[in-house]
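Not measured: the values here are computed from a predicted model. Start at 1 with the first residue, then count along the sequence.
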Amino acid sequence: MKEIITGSEALMRSLVCEGVKTIFGYPGGSIMPVFDALYDYTRGEGKKFDHILVRHEQGAAHAAQGYARVSGEVGVCIVTSGPGATNTLTGVADAMLDSTPIVVICGQVGTGALGTDAFQEVDLVGVAQPISKWSYQIRRPEDIAWAVSRAFYIARSGRPGPVVLDFPKNAQTHTCEWNPVKVTSVRSYVPYPTPSEESIAEAARLINEAQRPLALVGQGVELGNAHNELIEFVEKADIPVGRTLLGLSAFSSRHPLNKGMLGMHGQYAVNMKTQEADVIIAIGMRFSDRVTGLPSTYAKQAKIIHLDIDHAEIDKCIKTHVAVIGDCKMTLPAITRQLKKNNHREWIKSFDHYFQMEKEQVIEPAIHPTEGPLLMGEVVNVVAEATKGEAVLVTDVGQNQMFASRYFHYNKKRSIVTSGGLGTMGFGLPAAVGATFGAPERTICLFCGDGGFQMCIQELGTIMEQQAPVKIVLLNNNYLGNVRQWQDMFWNHRQSFTKMLNPQYQLIAEGYHIPYDVVTDRQDLAAKVAKMLKTEGPYLLECAIKEEDDVMPMTPPGKSVDEMQLTINE
């Protein structure tokens, strides 16, 4: 005889079947039956989940993202209908652009009230559809096991992404027979395309014949767990490597073939050499405008080989000569087997000239200043040196993000959590909370500016309650720094509403019972960073930064990548 259970209980059992361990959420009227069922799954001998009560639904989505990015698992959040659901949509859009697997489960008014503008009713499926990998409304309890399994399958397979489940209240409270379901395929959905042998052979031929090859590595290597396959590939063919923002920890900072970060604020050498390479191998990256600069001038001299699991990325931004469609964990070894052992010593050495220019004009002044106020680069460098490349970097968005990503060290995979495609200010604090649950054995270092920090500052309450060991480095320059820099460079120094009147962060930290210190003198920086890292639990270290500190080098918008400026006055 089959067991009869409520839809809410069916949801709990379905989440257990998917291996869920941590849920980020916020209760409300239309999701209350689910939270009632959740009660028994988070306590005592029947405990299956840790539920983390965030302070805002946007924080739930970003925390689920942080959890997913460091753990490699699907992040999960549960919220109520109406504003609860719409508050998560920034995180859904962020996850879509950054290929982050999360499942967002939202309450909804009962099916009988749909379309009546009932209290806290929103057409969530309609709103979420363009910014999610799949959105679906579960109208019957009988469909819950199937819908949940399908959601997780879609979220984690192929190119990962967010899935939104809209859960009307009557489907939560009505009963059904419990029939576990495991979805392993979806008609017309091919998450792992079979690579073409012809394209693999042609890619190998071009690489073997190349005199100046360059590999551009994106987050697809992390998502495909192809770190070792990447190393074998580039070492056999002796190819220098540039990394995208989200792909920074896909290839160790210490590796001799690493030439730094690509893009608008990336390393000078790798950007300049993009315009000299004769073959470019793009691996799990999407040729973002922040990487290519002006597309019409991007690498016109090079043959482009694009390895990607998503056919939609091919020729979307940059014309490809050879497309290798498939999981890079399969396609990289297939190409490597056909490569000749090569040596590109002179080509690799030619990067040194540009690197030395950047080191003298940008890097050394940024990380080893001798006078004046504290700089963002030197703060990041001190934290990076102290953590020895073992920590996870989480950033907010803006100058803090660019300085942190440039000067942090990445020796382990899944070591950067940042909002790339959407550029969501406020992402950092809740994402760092999620990261502490996704990688509890690692140090989580969050860099944020005073602007982004205040956008989700309420998540300090989550940190307080959970004692989540986030090491928060607040780079306070009393400005919306990135916008201010653009205003100075491109808008005749007209600083329109970018100056910030900030609160006393010490009092805020005290209110949340979070240890706090402030650095105003660089002589104290190393000691105070060491104290932060040694302190158990969370910590807020405020750094009083030069107000008009600029992140350089920079490719100005609308310019070619080889028009990158080393200094702001070029």
| request: Identify whether the distance between the nearest side-chain nitrogen and carboxylate oxygen of Lys236 and Glu232 falls below 4.0 Å. | output: no

| Salt bridge present between Arg55 and Glu465 (N-O < 4.0 angstrom) |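 Yes.
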
With side chains defined as the heavy atoms from C-beta onward, is the minimum distance between [X] and [Y] less than 4.5 Å?
| X | Y | result |
| --- | --- | --- |
| Thr395 | Leu393 | yes |
| Phe447 | Val380 | yes |
| Gln401 | Leu245 | yes |
| Arg69 | Thr418 | yes |
| Leu124 | Val164 | yes |
| Leu11 | Phe167 | yes |
| Arg414 | Val392 | no |
| Arg243 | Val241 | yes |

What's the separation between atom [atom1] in [X] and atom [atom2] in [Y], rounded to the nearest 0.5 Å?
| X | Y | atom1 | atom2 | value |
| --- | --- | --- | --- | --- |
| Cys448 | Met425 | SG | CE | 10.0 Å |
| Ile283 | Glu229 | CD1 | CD | 11.5 Å |
| Ile309 | Leu223 | CD1 | CG | 9.0 Å |
| Asn258 | Ser253 | CG | OG | 6.0 Å |
| Glu235 | Leu230 | CD | CG | 9.0 Å |
| Trp178 | Thr6 | CH2 | OG1 | 11.0 Å |

| message | Is the ring pair Trp134/Tyr136 parallel, tilted or perpendicular, if the boundaries are 30 and 60 degrees? | response |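 The rings of Trp134 and Tyr136 lie parallel, inter-plane angle below 30°.
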
When you look at [atom1] of [X], are more than 12 heavy atoms from neighbouring residues, nucleotides or ligands closer to it than 6.0 Å?
| X | atom1 | value |
| --- | --- | --- |
| Met330 | CE | no |
| Glu441 | CD | yes |
| Arg442 | CZ | yes |
| His311 | NE2 | no |

| message | Going by side-chain hydrogen bond (donor to acceptor under 3.5 Å, both in side chains), His227 matches just one of Lys413, Glu222, Lys329. Which one? | response | Glu222

Counting N and O atoms only, with roles assigned by atom type, does the side chain of [X] sit under 3.5 Å from a partner on the main chain of [Y], one being a donor and the other an acceptor?
| X | Y | value |
| --- | --- | --- |
| Lys471 | Leu540 | no |
| Asn411 | Ser252 | no |
| Asn87 | Pro83 | yes |
| Lys169 | Gly29 | yes |
| Thr320 | Ile314 | no |
| Asp50 | Thr22 | no |
| Glu459 | His56 | yes |
| Ser196 | Ser199 | yes |
| Arg406 | Gly266 | yes |

Contact summary for [X] and [Y], nearest pair of heavy atoms:
| X | Y | value |
| --- | --- | --- |
| Ala432 | Ile444 | O-CG2, 4.0 Å |
| Cys456 | Pro430 | CB-CD, 3.9 Å |
| Pro27 | Leu53 | CD-CD1, 3.7 Å |

| request: Take Leu422 and Met96 through the test side chain to side chain contact (heavy atoms under 4.5 Å, CB included) and record every step on the way to the result. | output: CA-CA 9 Å; Leu422 199 62; Met96 187 67 176; over 6 Å; no

| message | Assess the residue pair Leu257 and Phe251 against the criterion (side chain to side chain contact (heavy atoms under 4.5 Å, CB included)); give the C-alpha distance rounded to whole Å, side-chain angles, the decisive distance to 0.1 Å, and a yes or no. | response | CA-CA 9 Å; Leu257 290 173; Phe251 193 71; 4.2 Å; yes

| field | For Glu390, salt bridge (Lys or Arg N to Asp or Glu O under 4.0 Å) partners two or more places apart | value | Lys412

| task | Answer with yes or no after comparing the ring centroid distance for Phe403 and His265 against a 6.0 Å cut-off, counting only values under it. | result |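 No.
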
Could you list the donor-acceptor pairs under 3.5 angstrom formed between side-chain atoms of residues 71-80 and any protein atom two or more places apart in sequence or on another chain?
unit_1	atom_1	unit_2	atom_2	d
Ser71	OG	Tyr67	O	2.6
Ser71	OG	Glu73	N	3.0
Thr80	OG1	Ser30	N	3.2

Which donor-acceptor pairs under 3.5 Å do the side chains of residues 143-163 make with protein atoms, sequence neighbours left out?
unit_1	atom_1	unit_2	atom_2	d
Asp143	OD1	Arg140	NH2	3.0
Asp143	OD2	Arg140	NE	3.2
Ser149	OG	Glu18	OE2	3.4
Ser149	OG	Val183	N	2.7
Tyr153	OH	Thr184	O	3.2
Arg156	NH1	Glu18	OE1	3.2
Ser157	OG	Tyr153	O	2.5
Ser157	OG	Tyr189	OH	2.8
Arg159	NE	Ser99	OG	2.9
Arg159	NH1	Asp310	OD2	2.9
Arg159	NH1	Glu313	OE2	2.7
Arg159	NH2	Glu313	OE2	3.4

| Hey, mind stepping through Ile31 and Tyr26 against side chain to side chain contact (heavy atoms under 4.5 Å, CB included) and telling me if it holds? | CA-CA 9 Å; Ile31 199 67; Tyr26 203 94; over 6 Å; no

| query | So Thr387 and Cys445, side chain to side chain contact (heavy atoms under 4.5 Å, CB included) or not? Walk me through it. | reply | CA-CA 9 Å; Thr387 53; Cys445 293; 4.1 Å; yes

| message | Give me each pair satisfying salt bridge (Lys or Arg N to Asp or Glu O under 4.0 Å) with a member in residues 104-126, each pair once, sequence neighbours excluded. | response |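 Non-adjacent pairs meeting salt bridge (Lys or Arg N to Asp or Glu O under 4.0 Å): zero.
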
| query | Does Asp166 have any side chain to side chain donor-acceptor pair (under 3.5 Å) partners at least two apart in sequence or in another chain, and if so, which? | reply |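 Only Gln108, Gln137 meet the side chain to side chain donor-acceptor pair (under 3.5 Å) criterion with Asp166.
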
| task | Walk me through it: do Phe35 and His51 pass the test ring-ring contact (aromatic ring centres under 6.0 Å, His included)? | result | CA-CA 10 Å; Phe35 271 83; His51 177 267; 5.2 Å; yes

| query | So which of Val217, Val291, Leu307 actually passes side chain to side chain contact (heavy atoms under 4.5 Å, CB included) with Met285? | reply |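 Passing option: Val291.
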
| task | Can you sort out the partners of Ala203 under side chain to side chain contact (heavy atoms under 4.5 Å, CB included), two or more places apart, ordered by chain and number? | result |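 For Ala203 the side chain to side chain contact (heavy atoms under 4.5 Å, CB included) partners, ignoring immediate neighbours, are Ile305, Val322, Val324, Ile335.
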
| Do you see a donor-acceptor pair shorter than 3.5 Å between the side chains of Asp98 and Gln219? |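 Side chains of Asp98 and Gln219: no pair found under 3.5 Å.
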
